[in-house]
Student: 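Let me begin by handing over the structure; questions about it come next.
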Amino acid sequence: MPPALDAEAFATEQNALGQVWTLLGWTRDVAREGDWFTAHLGGRSVFVQRFREGLRAFENKCAHRFFPLRQGEAGNGPVICGFHHWRYNSDGMAIGIPKSEEMFGATPRDMGICLRPVEIEICGSLIFGRFASAGHTESLRAFLGPLFDIVRAMSPDGIAPLRGASVLPFNWRFAYEIALDDYHIVAVHSDTFGKRGYMLRDRVQYERSGPHSAYCAARVPDLLEGIAAACNAGTYRPSNDYLIMHLFPNIALVQTHVATVMGVRYVYLMLLQFVPLAPDTTQLRWWLWPSPFPTGDTPLQRVFRRISMPISLPLTRRGMLRILAEDNAVCAHLQAHARPDDGSPRLGAMEERIGWHNEAYRQVLEQAQRDAVRE
Ligand code: FES
Ligand SMILES: [Fe+2]
(Lines give C-alpha, C1' and ligand atoms only; values in the text may rest on other atoms or scores of the structure.)
(Ligands and ions follow the chains in the order given, each with its own letter.)
Protein backbone atom coordinates (compact mmCIF):
# COMPACT_ATOMS: atom_id res chain seq x y z
CA MET A 1 0.00 0.00 0.00
CA PRO A 2 1.38 3.43 -0.88
CA PRO A 3 1.80 6.08 1.84
CA ALA A 4 -1.31 8.12 2.65
CA LEU A 5 -0.48 11.16 0.56
CA ASP A 6 -3.73 13.12 0.76
CA ALA A 7 -5.63 14.44 3.75
CA GLU A 8 -8.49 11.95 3.53
CA ALA A 9 -6.29 8.86 3.25
CA PHE A 10 -4.11 10.20 6.07
CA ALA A 11 -7.12 10.74 8.36
CA THR A 12 -8.32 7.17 7.66
CA GLU A 13 -4.84 5.79 8.33
CA GLN A 14 -4.43 7.76 11.54
CA ASN A 15 -7.84 6.75 12.86
CA ALA A 16 -6.81 3.13 12.42
CA LEU A 17 -3.32 3.57 13.89
CA GLY A 18 -4.69 5.46 16.89
CA GLN A 19 -6.14 2.14 18.04
CA VAL A 20 -2.73 0.44 18.04
CA TRP A 21 -0.34 0.60 21.02
CA THR A 22 1.89 3.59 20.26
CA LEU A 23 4.82 5.06 22.19
CA LEU A 24 3.74 8.27 23.92
CA GLY A 25 6.77 9.03 26.09
CA TRP A 26 8.89 8.18 29.13
CA THR A 27 7.89 7.65 32.75
CA ARG A 28 10.76 9.90 33.88
CA ASP A 29 8.91 12.83 32.27
CA VAL A 30 5.91 12.34 34.55
CA ALA A 31 7.75 11.41 37.74
CA ARG A 32 6.05 13.87 40.12
CA GLU A 33 2.37 14.35 40.83
CA GLY A 34 0.96 16.93 38.42
CA ASP A 35 3.64 16.36 35.75
CA TRP A 36 2.29 16.09 32.22
CA PHE A 37 3.58 15.84 28.67
CA THR A 38 1.89 15.96 25.29
CA ALA A 39 2.27 13.45 22.47
CA HIS A 40 0.63 12.47 19.19
CA LEU A 41 -1.65 9.48 18.83
CA GLY A 42 -3.60 8.69 15.70
CA GLY A 43 -3.07 12.18 14.31
CA ARG A 44 -4.43 13.78 17.49
CA SER A 45 -2.80 15.59 20.36
CA VAL A 46 -2.99 13.70 23.66
CA PHE A 47 -1.51 14.31 27.09
CA VAL A 48 -0.23 11.98 29.78
CA GLN A 49 -0.40 13.15 33.38
CA ARG A 50 0.54 11.78 36.77
CA PHE A 51 -2.30 12.25 39.27
CA ARG A 52 -2.34 11.16 42.90
CA GLU A 53 -4.33 8.16 41.65
CA GLY A 54 -1.70 7.25 39.05
CA LEU A 55 -0.90 7.86 35.40
CA ARG A 56 -3.74 8.79 33.07
CA ALA A 57 -3.95 10.00 29.49
CA PHE A 58 -6.60 11.86 27.52
CA GLU A 59 -7.09 13.50 24.20
CA ASN A 60 -5.78 17.04 24.55
CA LYS A 61 -9.12 18.68 23.88
CA CYS A 62 -11.56 20.32 26.25
CA ALA A 63 -15.03 18.76 26.14
CA HIS A 64 -16.64 22.22 26.18
CA ARG A 65 -15.46 23.84 22.96
CA PHE A 66 -12.42 21.75 22.13
CA PHE A 67 -9.69 24.13 23.28
CA PRO A 68 -6.34 22.36 23.84
CA LEU A 69 -6.03 21.70 27.56
CA ARG A 70 -2.26 21.40 27.38
CA GLN A 71 -0.05 23.68 25.36
CA GLY A 72 3.61 23.00 24.83
CA GLU A 73 5.52 19.81 25.43
CA ALA A 74 5.45 19.38 29.19
CA GLY A 75 4.55 21.01 32.48
CA ASN A 76 2.99 20.50 35.89
CA GLY A 77 -0.42 21.43 37.23
CA PRO A 78 -4.11 20.58 37.44
CA VAL A 79 -6.22 20.13 34.32
CA ILE A 80 -7.94 23.49 33.90
CA CYS A 81 -8.93 24.72 30.46
CA GLY A 82 -7.54 28.11 29.53
CA PHE A 83 -10.65 29.15 27.56
CA HIS A 84 -13.48 29.09 30.18
CA HIS A 85 -11.80 27.40 33.15
CA TRP A 86 -13.51 24.03 33.10
CA ARG A 87 -11.61 21.77 35.49
CA TYR A 88 -11.16 18.01 35.11
CA ASN A 89 -10.25 15.25 37.56
CA SER A 90 -8.08 12.17 37.13
CA ASP A 91 -10.97 10.29 35.49
CA GLY A 92 -11.28 13.05 32.91
CA MET A 93 -14.63 14.16 34.39
CA ALA A 94 -15.47 17.87 34.23
CA ILE A 95 -15.83 18.53 37.97
CA GLY A 96 -15.51 22.30 37.95
CA ILE A 97 -17.65 24.31 35.51
CA PRO A 98 -17.85 28.05 36.32
CA LYS A 99 -21.45 29.19 36.86
CA SER A 100 -22.56 25.75 35.79
CA GLU A 101 -26.22 25.99 36.84
CA GLU A 102 -26.68 29.50 35.45
CA MET A 103 -24.96 28.72 32.17
CA PHE A 104 -26.02 25.13 31.58
CA GLY A 105 -28.91 24.55 33.99
CA ALA A 106 -27.16 21.63 35.67
CA THR A 107 -24.36 20.77 38.04
CA PRO A 108 -21.12 19.34 36.62
CA ARG A 109 -22.05 16.04 38.24
CA ASP A 110 -25.44 15.98 36.48
CA MET A 111 -23.83 16.94 33.18
CA GLY A 112 -21.42 13.99 33.46
CA ILE A 113 -19.05 15.28 30.79
CA CYS A 114 -15.79 13.45 30.26
CA LEU A 115 -12.60 13.82 28.23
CA ARG A 116 -11.83 11.17 25.65
CA PRO A 117 -9.61 8.68 27.50
CA VAL A 118 -6.45 7.09 26.17
CA GLU A 119 -5.62 3.60 27.42
CA ILE A 120 -2.04 3.44 28.65
CA GLU A 121 0.38 0.70 29.63
CA ILE A 122 4.00 0.81 30.67
CA CYS A 123 6.92 -1.28 29.47
CA GLY A 124 10.21 -0.51 31.23
CA SER A 125 10.48 3.28 31.13
CA LEU A 126 8.17 3.67 28.15
CA ILE A 127 4.51 4.67 28.20
CA PHE A 128 2.38 3.35 25.35
CA GLY A 129 -1.15 4.45 24.58
CA ARG A 130 -4.10 3.77 22.27
CA PHE A 131 -7.69 4.90 21.86
CA ALA A 132 -10.17 2.25 22.93
CA SER A 133 -11.74 0.22 20.10
CA ALA A 134 -13.64 -3.02 19.66
CA GLY A 135 -11.02 -4.48 17.33
CA HIS A 136 -7.94 -4.02 19.54
CA THR A 137 -8.24 -5.42 23.03
CA GLU A 138 -4.92 -7.21 23.51
CA SER A 139 -2.61 -6.08 26.29
CA LEU A 140 0.65 -4.31 25.48
CA ARG A 141 2.49 -7.47 26.52
CA ALA A 142 0.47 -9.60 24.09
CA PHE A 143 0.92 -6.99 21.35
CA LEU A 144 4.71 -6.78 21.73
CA GLY A 145 5.31 -10.51 22.35
CA PRO A 146 8.98 -11.18 23.18
CA LEU A 147 9.75 -7.53 22.48
CA PHE A 148 7.93 -6.62 25.69
CA ASP A 149 10.56 -8.36 27.83
CA ILE A 150 13.37 -6.95 25.70
CA VAL A 151 12.15 -3.34 25.76
CA ARG A 152 11.52 -3.60 29.50
CA ALA A 153 15.06 -4.82 30.15
CA MET A 154 16.63 -2.27 27.81
CA SER A 155 14.83 0.74 29.32
CA PRO A 156 14.97 0.18 33.09
CA ASP A 157 14.11 2.87 35.63
CA GLY A 158 16.79 5.43 36.24
CA ILE A 159 18.28 5.82 32.77
CA ALA A 160 18.58 9.38 31.51
CA PRO A 161 18.81 9.28 27.72
CA LEU A 162 20.08 12.00 25.45
CA ARG A 163 17.16 13.06 23.34
CA GLY A 164 16.16 15.15 20.38
CA ALA A 165 13.38 15.79 17.92
CA SER A 166 13.02 17.31 14.49
CA VAL A 167 10.28 17.86 11.95
CA LEU A 168 10.87 16.26 8.57
CA PRO A 169 9.19 17.16 5.26
CA PHE A 170 7.92 13.73 4.22
CA ASN A 171 5.45 10.98 5.06
CA TRP A 172 6.36 8.83 8.07
CA ARG A 173 6.24 5.63 6.03
CA PHE A 174 9.09 6.73 3.77
CA ALA A 175 11.19 7.26 6.90
CA TYR A 176 10.15 3.99 8.50
CA GLU A 177 10.60 1.92 5.38
CA ILE A 178 14.13 3.15 4.77
CA ALA A 179 14.96 1.94 8.28
CA LEU A 180 13.64 -1.49 7.23
CA ASP A 181 15.73 -1.53 4.04
CA ASP A 182 19.23 -3.02 4.01
CA TYR A 183 19.59 -2.69 0.24
CA HIS A 184 20.22 1.08 0.10
CA ILE A 185 23.28 1.22 2.30
CA VAL A 186 25.89 1.03 -0.47
CA ALA A 187 24.24 3.81 -2.49
CA VAL A 188 23.17 6.06 0.39
CA HIS A 189 25.65 5.41 3.22
CA SER A 190 28.74 4.94 1.09
CA ASP A 191 31.14 6.41 3.70
CA THR A 192 29.89 4.36 6.63
CA PHE A 193 27.83 1.15 6.56
CA GLY A 194 27.99 0.97 2.78
CA LYS A 195 31.80 0.83 2.74
CA ARG A 196 31.71 -2.89 3.36
CA GLY A 197 29.60 -3.50 0.27
CA TYR A 198 26.34 -5.38 0.01
CA MET A 199 25.31 -7.59 2.87
CA LEU A 200 24.63 -11.20 2.11
CA ARG A 201 21.10 -12.22 2.93
CA ASP A 202 22.13 -15.61 4.27
CA ARG A 203 24.63 -14.05 6.71
CA VAL A 204 22.06 -11.94 8.56
CA GLN A 205 18.98 -12.78 10.54
CA TYR A 206 15.57 -11.33 9.70
CA GLU A 207 12.83 -12.29 12.04
CA ARG A 208 9.14 -11.59 12.04
CA SER A 209 7.24 -11.35 15.30
CA GLY A 210 3.56 -10.53 14.80
CA PRO A 211 3.43 -7.06 13.21
CA HIS A 212 7.00 -6.38 14.40
CA SER A 213 10.34 -7.50 13.00
CA ALA A 214 14.02 -7.61 13.80
CA TYR A 215 17.37 -7.62 12.07
CA CYS A 216 20.63 -8.96 13.43
CA ALA A 217 23.99 -8.76 11.63
CA ALA A 218 24.61 -12.43 12.44
CA ARG A 219 22.62 -15.63 12.04
CA VAL A 220 20.86 -16.15 15.35
CA PRO A 221 17.85 -18.48 15.13
CA ASP A 222 14.97 -17.59 17.49
CA LEU A 223 16.59 -14.21 17.89
CA LEU A 224 13.89 -12.35 19.82
CA GLU A 225 12.70 -15.29 21.94
CA GLY A 226 16.32 -15.97 22.87
CA ILE A 227 17.05 -12.37 23.86
CA ALA A 228 13.76 -12.13 25.78
CA ALA A 229 14.53 -15.32 27.73
CA ALA A 230 18.03 -14.08 28.56
CA CYS A 231 16.65 -10.69 29.62
CA ASN A 232 14.17 -12.41 31.93
CA ALA A 233 16.89 -14.64 33.38
CA GLY A 234 19.17 -11.64 33.90
CA THR A 235 21.82 -13.23 31.69
CA TYR A 236 21.49 -11.11 28.55
CA ARG A 237 24.75 -9.48 27.41
CA PRO A 238 24.78 -7.56 24.11
CA SER A 239 26.99 -9.02 21.39
CA ASN A 240 28.96 -6.89 18.95
CA ASP A 241 26.41 -7.59 16.22
CA TYR A 242 24.18 -4.77 15.11
CA LEU A 243 20.60 -5.42 16.21
CA ILE A 244 17.50 -3.50 15.17
CA MET A 245 14.03 -4.19 16.45
CA HIS A 246 11.10 -2.62 14.65
CA LEU A 247 8.05 -2.19 16.82
CA PHE A 248 4.91 -1.66 14.81
CA PRO A 249 3.83 0.87 13.80
CA ASN A 250 6.65 3.44 14.00
CA ILE A 251 9.52 2.59 16.35
CA ALA A 252 13.04 1.34 15.72
CA LEU A 253 15.09 0.22 18.71
CA VAL A 254 18.73 -0.14 17.72
CA GLN A 255 21.47 -1.80 19.73
CA THR A 256 24.89 -0.96 18.42
CA HIS A 257 28.41 -1.74 19.53
CA VAL A 258 30.30 1.37 18.41
CA ALA A 259 33.84 0.57 19.58
CA THR A 260 36.05 -1.34 21.97
CA VAL A 261 38.85 0.71 23.54
CA MET A 262 41.21 -0.67 26.22
CA GLY A 263 38.92 -3.68 26.44
CA VAL A 264 35.94 -1.42 27.18
CA ARG A 265 33.02 -2.24 24.89
CA TYR A 266 30.77 0.71 24.13
CA VAL A 267 27.26 -0.50 23.39
CA TYR A 268 24.46 2.01 22.93
CA LEU A 269 20.73 1.84 22.50
CA MET A 270 18.87 4.24 20.25
CA LEU A 271 15.14 4.54 20.12
CA LEU A 272 13.73 6.26 17.05
CA GLN A 273 10.10 7.10 16.53
CA PHE A 274 8.64 8.45 13.30
CA VAL A 275 5.52 10.31 14.38
CA PRO A 276 3.02 11.07 11.60
CA LEU A 277 1.96 14.73 11.71
CA ALA A 278 0.53 15.22 8.20
CA PRO A 279 0.67 13.41 4.83
CA ASP A 280 3.97 15.16 4.14
CA THR A 281 5.25 15.87 7.65
CA THR A 282 6.83 13.59 10.22
CA GLN A 283 8.29 14.27 13.62
CA LEU A 284 11.41 12.26 14.33
CA ARG A 285 11.92 11.71 18.05
CA TRP A 286 15.06 9.96 19.26
CA TRP A 287 16.60 8.86 22.53
CA LEU A 288 20.12 7.52 23.05
CA TRP A 289 21.55 5.82 26.13
CA PRO A 290 24.27 3.36 27.09
CA SER A 291 23.29 -0.29 27.26
CA PRO A 292 22.13 -0.95 30.84
CA PHE A 293 23.36 -4.56 30.95
CA PRO A 294 26.36 -5.59 33.10
CA THR A 295 29.60 -4.94 31.25
CA GLY A 296 32.04 -7.15 33.15
CA ASP A 297 34.45 -4.19 33.38
CA THR A 298 37.45 -4.43 35.67
CA PRO A 299 37.74 -1.56 38.21
CA LEU A 300 40.20 0.19 35.87
CA GLN A 301 37.89 -0.24 32.89
CA ARG A 302 35.03 1.17 34.93
CA VAL A 303 37.02 4.34 35.56
CA PHE A 304 38.00 4.55 31.90
CA ARG A 305 34.37 4.10 30.84
CA ARG A 306 33.22 6.86 33.15
CA ILE A 307 35.88 9.27 31.92
CA SER A 308 35.32 8.48 28.25
CA MET A 309 31.51 8.54 28.31
CA PRO A 310 31.30 12.33 27.69
CA ILE A 311 33.23 11.67 24.47
CA SER A 312 31.73 8.41 23.25
CA LEU A 313 28.10 9.43 23.75
CA PRO A 314 28.22 12.64 21.63
CA LEU A 315 30.28 10.80 19.00
CA THR A 316 27.61 8.12 18.79
CA ARG A 317 24.92 10.77 18.54
CA ARG A 318 26.80 12.49 15.73
CA GLY A 319 27.13 9.23 13.82
CA MET A 320 23.45 8.44 14.28
CA LEU A 321 22.31 11.88 13.13
CA ARG A 322 24.57 11.70 10.10
CA ILE A 323 23.07 8.38 8.96
CA LEU A 324 19.58 9.75 9.58
CA ALA A 325 20.36 12.89 7.55
CA GLU A 326 21.41 10.70 4.61
CA ASP A 327 18.18 8.72 4.88
CA ASN A 328 16.14 11.90 5.23
CA ALA A 329 17.55 13.35 2.01
CA VAL A 330 16.32 10.25 0.15
CA CYS A 331 12.89 10.45 1.80
CA ALA A 332 12.47 14.10 0.78
CA HIS A 333 13.00 13.10 -2.86
CA LEU A 334 10.58 10.19 -2.53
CA GLN A 335 7.95 12.53 -1.09
CA ALA A 336 8.42 15.12 -3.83
CA HIS A 337 7.86 12.55 -6.57
CA ALA A 338 5.34 10.19 -4.97
CA ARG A 339 1.96 9.77 -6.66
CA PRO A 340 -1.00 7.71 -5.39
CA ASP A 341 -0.92 5.63 -8.60
CA ASP A 342 2.74 4.60 -8.28
CA GLY A 343 1.66 0.97 -7.89
CA SER A 344 3.47 -1.67 -5.85
CA PRO A 345 7.23 -1.47 -5.31
CA ARG A 346 9.45 -4.38 -6.28
CA LEU A 347 10.91 -5.53 -2.98
CA GLY A 348 14.11 -7.57 -2.99
CA ALA A 349 15.52 -9.99 -0.44
CA MET A 350 17.08 -7.21 1.66
CA GLU A 351 13.77 -5.33 1.72
CA GLU A 352 11.71 -8.22 2.99
CA ARG A 353 10.81 -6.49 6.24
CA ILE A 354 9.18 -3.62 4.33
CA GLY A 355 6.76 -6.18 2.91
CA TRP A 356 6.06 -7.48 6.43
CA HIS A 357 5.41 -3.98 7.70
CA ASN A 358 3.11 -3.26 4.75
CA GLU A 359 1.11 -6.40 5.54
CA ALA A 360 0.68 -5.46 9.19
CA TYR A 361 -0.27 -1.93 8.14
CA ARG A 362 -2.90 -3.22 5.71
CA GLN A 363 -4.35 -5.51 8.38
CA VAL A 364 -4.75 -2.63 10.82
CA LEU A 365 -6.52 -0.51 8.20
CA GLU A 366 -8.81 -3.40 7.23
CA GLN A 367 -9.60 -4.12 10.88
CA ALA A 368 -10.57 -0.47 11.39
CA GLN A 369 -12.83 -0.66 8.33
CA ARG A 370 -14.55 -3.78 9.67
CA ASP A 371 -15.02 -2.12 13.08
CA ALA A 372 -16.53 0.96 11.43
CA VAL A 373 -19.03 -1.19 9.49
CA ARG A 374 -20.01 -3.08 12.67
CA GLU A 375 -20.63 0.16 14.52
S1 FES B 1 -13.24 25.30 25.72
FE2 FES B 1 -12.48 24.58 27.58
S3 FES B 1 -13.64 25.57 29.06
FE4 FES B 1 -14.43 26.29 27.21
FE1 LIG C 1 19.70 4.28 5.80
Side-chain angles (χ1 to χ4, degrees), residues 36 38 44-47 49 58-71 77-89 92-104 106-108 111-116 166 168 170-199 204 206 213 215 217 242-246 250-254 256 270 272-274 282 284 286 316-335 345 347-348 350-354 357:
W36 57 265
T38 53
R44 294 163 188 273
S45 174
V46 300
F47 70 98
Q49 176 150 348
F58 302 98
E59 185 172 358
N60 185 18
K61 196 176 259 199
C62 181
H64 176 218
R65 282 181 43 208
F66 317 123
F67 193 73
L69 291 162
R70 297 305 191 191
Q71 285 143 40
V79 188
I80 301 174
C81 181
F83 200 179
H84 311 90
H85 279 179
W86 281 30
R87 189 159 52 85
Y88 295 88
N89 69 6
M93 296 295 299
I95 51 162
I97 297 181
K99 302 282 178 199
S100 164
E101 291 185 52
E102 283 149 88
M103 301 293 164
F104 300 98
T107 63
M111 290 166 74
I113 292 173
C114 196
L115 299 175
R116 185 183 185 192
S166 52
L168 307 170
F170 41 79
N171 187 281
W172 70 278
R173 283 183 61 213
F174 289 127
Y176 201 62
E177 289 183 359
I178 203 165
L180 289 160
D181 165 5
D182 294 322
Y183 189 37
H184 72 287
I185 56 169
V186 171
V188 175
H189 306 300
S190 53
D191 297 333
T192 50
F193 293 128
K195 259 191 195 162
R196 287 171 242 144
Y198 287 93
M199 288 190 287
V204 301
Y206 284 170
S213 69
Y215 156 87
Y242 203 65
L243 171 70
I244 310 183
M245 292 158 283
H246 285 273
N250 63 356
I251 295 175
L253 176 57
V254 181
T256 175
M270 301 168 202
L272 309 172
Q273 186 183 29
F274 299 96
T282 297
L284 166 64
W286 61 263
T316 304
R317 174 181 57 185
R318 198 169 76 179
M320 174 188 82
L321 293 179
R322 178 178 161 192
I323 300 286
L324 284 168
E326 290 169 349
D327 285 341
N328 293 345
V330 170
C331 293
H333 286 300
L334 287 172
Q335 177 73 41
L347 298 175
M350 305 301 281
E351 299 156 297
E352 192 177 9
R353 291 173 303 147
I354 297 176
H357 186 260

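Along the sequence shown, residues are numbered consecutively beginning with 1. Excluded from the calculations below are hydrogen atoms, water molecules and symmetry mates; all remaining heavy atoms, backbone and side chain alike, are included. Order of listing sets the numbers, starting from 1, for every ligand and every atom in it. Bear in mind the structure is a predicted one, so any value in this text is a computation, not a measurement.
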Student: Give a yes or no on whether Arg87 atom CZ has more than 12 heavy-atom contacts from other residues, nucleotides or ligands under 6.0 Å away.
Tutor: no

Student: Ignoring hydrogens, what is the shortest heavy-atom contact between Thr282 and Trp172? Give both atom names and the distance.
Tutor: OG1-N, 2.8 Å

Student: Please identify which of these residues, Leu243, Asp182, Val254, meets the side chain to side chain contact (heavy atoms under 4.5 Å, CB included) condition with Tyr215.
Tutor: Asp182

Student: Just by modelled atom types, is the Leu69 backbone N or O under 3.5 Å from a matching donor or acceptor in the Asn60 side chain?
Tutor: yes

Student: If you compare all heavy atoms of Ala63 against all heavy atoms of Trp86, which two are closest, and at what distance to 0.1 Å?
Tutor: C-CZ3, 4.4 Å

Student: If I compare all heavy atoms of Leu272 with all of Trp286, which pair ends up nearest, and what's the gap?
Tutor: CD2-CB, 3.6 Å

Student: Please list, in chain and residue-number order, the protein N/O/S atoms closer than 2.8 Å to atom 4 (Fe) of ligand 1.
Tutor: His64 ND1, His84 ND1

Student: Using distance alone, with no hydrogens and no angle criterion, decide if His64 and His84 have a side-chain donor and acceptor under 3.5 Å apart.
Tutor: yes

Student: Other residues, nucleotides and ligands only: do more than 12 of their heavy atoms fall within 6.0 Å of CZ on Phe67?
Tutor: yes

Student: Please give me the protein atoms (N, O or S only) lying under 2.8 Å from the Fe ion (ligand 2), ordered by chain and number.
Tutor: His184 NE2, His189 NE2, Asp327 OD1, Asp327 OD2

Student: Indicate the atoms forming the closest heavy-atom contact of Ala252 with Tyr176, along with that distance.
Tutor: N-CE1, 4.2 Å

